[in-house]
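We count ligands from 1, going down the list as the structure has it; atoms in each ligand are counted the same way.
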Amino acid sequence: MGLLAFPRTSGAQAAGDPIIDIHQHVGYSGRPDEVLLSHQRAMGITTTILLPSGRPAVRPSTHDGGSNGLQAQALGNDACHAFAQAHPREFLFGANDVPDVEGATQEIERQLARGAVIIGEQKFGVACDAPEMQAIYRLAESRRVPVLMHWQFGMYNHGFERFHTMLAKYPRVTFIGHAQTWWANIDANHLDQKVLYPKGSVTPGGLTDRYLRDYPNMYGDLSAGSGLNALTRDEAFTRDFLTRHQDKLLYGSDCNDLVGSGEKCQGAQTIATIRRLAASKAIERKLLHDNATRVFRL
Ligand SMILES: [Zn+2]
Ligand SMILES: [Zn+2]
């Protein structure tokens with residue numbers, strides 16, 4: 001069977017184009033290291049950024065420990081660093097900690113000092129403008145790394161509607177939005193914030209759409225079921241959205257399957273969806289690769 005017979009929907013590399021995945025985890029749902037490696041290769045990923053969990057803690061911001069491991073058995077700073085060290089051409093790593101735990105900024109600093117390229121995934125039950133979060137934003141500013149935040153109404157990073165105050169206060173910090181509440185709010189008619197995976201047609205001008213339009217430091221992470229849902233719920237909207245924000249959106253997978261292709265792999269489906277709905281090859285390349293090289297200075 002020749003290359004031309006290879007199903008395009010598999011998400012496998014088209015013509016060897018490089019792809020940067022800005023959102024994966026070590027130990028995700030118990031996935032072994034060698035399967036993470038084969039999963040990323042099967043998806044056609046050339047560079048993966050591994051996002052650590054914070055240190056385990058029992059307190060309100062981790063929902064008394066229920067959100068440890070990013071609620072996904074994701075491993076922490078040392079495991080991500082070690083994995084990237086073992087596969088230096090293919091993997092980079094982030095820095096993270098529970099923001100209101102004693103010594104959080106020092107722990108994040110420790111990981112940045114050994115080469116972390118991002119702070120995140122910040123997925124904790126804290127206000128987005130809390131003093132502890134602002135300490136992280138100041139660290140990101142001084143170390144010139146982005147901050148990736150999981151927005152989930154009532155659960156993680158409270159106060160999405162007032163996040164513009166942080167975007168304005170920290171204009172030199174690159175913020176990357178991710179997850180349900182981030183993606184639900186592309187729609188100006190998203191009225192019930194308890195709905196996390198809205199379906200159907202999208203009216204442009206939602207809060208997320210405006211943050212991307214109005215703030216040069218606001219970026220979007222296309223990963224996870226929430227990202228794929230947002231891309232597929234109204235394809236006419238999506239073609240226009242990808243064009244308008246072509247310099248602000250970054251491919252990530254954030255999938256925990258063992259396969260890396262086909263129906264079981266949401267990350268592969270997201271790649272296929274971007275290829276199908278991007279209005280030009282140039283836009284496709286920005287979303288799958290070029291924007292990440294700029295944001296992460298790769
Ligand atoms: Zn994640
Ligand atoms: Zn997958």
Side-chain angles (χ1 to χ4, degrees), residues 7 9-13 19-54 62 66-77 79-80 83 90-98 116-125 146-152 155-157 175-183 196-197 219-232 250-275 288 292:
T9 51
S10 73
Q13 277 175 272
I19 300 175
I20 299 171
D21 178 354
I22 72 153
H23 194 140
Q24 259 296 356
H25 302 291
V26 177
Y28 200 170
S29 306
R31 182 170 55 192
D33 283 359
E34 63 273 19
V35 181
L36 169 60
L37 186 61
S38 62
H39 174 278
Q40 295 305 99
R41 289 175 177 173
M43 282 202 301
I45 306 302
T46 42
T47 306
T48 299
I49 299 177
L50 299 168
L51 302 178
S53 60
T62 63
S67 300
N68 284 338
L70 304 174
Q71 207 183 6
Q73 297 175 252
L75 298 178
N77 289 327
C80 291
F83 192 100
E90 289 172 83
F91 290 84
L92 301 168
F93 59 96
N96 206 12
D97 205 8
V98 183
V117 297
I118 187 172
I119 298 173
E121 172 179 359
Q122 277 288 308
K123 186 179 178 181
F124 305 100
V147 180
L148 189 144
M149 296 167 71
H150 178 116
W151 295 96
Q152 185 176 335
M155 190 73 180
Y156 299 120
N157 288 312
F175 293 95
I176 304 176
H178 157 68
Q180 296 97 326
T181 295
W182 169 260
W183 285 112
L196 296 176
Y197 294 92
Y219 285 70
D221 163 7
L222 293 159
S223 73
S226 56
L228 184 58
N229 179 61
L231 290 173
T232 52
L250 305 155
Y251 172 72
S253 62
D254 195 18
C255 55
N256 63 356
D257 62 284
L258 308 179
V259 186
S261 66
E263 278 179 21
K264 287 201 173 76
C265 180
Q266 160 260 302
Q269 291 176 55
T270 301
I271 292 171
T273 303
I274 291 167
R275 287 187 166 145
L288 292 178

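- Side chain of Thr270 to main chain of Leu228: no donor-acceptor pair is present (N/O by atom type, distance under 3.5 Å, no hydrogens or angles).
- For the Zn ion (ligand 1), the nearby protein N/O/S atoms, meaning those under 2.8 Å, are His23 NE2, His25 NE2, Glu121 OE1, Asp254 OD1.
- Judged as a side-chain contact (heavy atoms from CB on, under 4.5 Å), and not counting sequence neighbours, the contacts of Leu75 are Val26, Ala79.
- Remark: Gln40 engages Asp21, Gln24, Thr48 in a side-chain hydrogen bond (donor to acceptor under 3.5 Å, both in side chains) (not counting sequence neighbours).
- Any protein N/O/S atom under 2.8 Å from the Zn ion (ligand 2) was counted, giving 4 altogether.
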Evaluate side-chain contact (heavy atoms from CB on, under 4.5 Å) for Asp257 paired with Gln266, printing each intermediate quantity in order. CA-CA 8 Å; Asp257 62 284; Gln266 160 260 302; 5.8 Å; no
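- Looking at heavy atoms from C-beta onward, Ile176 lies in side-chain contact with Ile22 at the 4.5 angstrom threshold.
- Side-chain atoms of Asn157 and Gln152 form no donor-acceptor pair, as typed in the model, at a separation below 3.5 Å.
- Exactly one residue among Glu121, Gln71, His178 makes a side chain to side chain donor-acceptor pair (under 3.5 Å) with Tyr156. That residue is Gln71.
- Between Tyr251 and Ile271 there is a side-chain heavy-atom pair separated by less than 4.5 Å.
- Screening Leu250, Val117, Leu148 against Ile49 for a side-chain contact (heavy atoms from CB on, under 4.5 Å) leaves a single residue, Val117.
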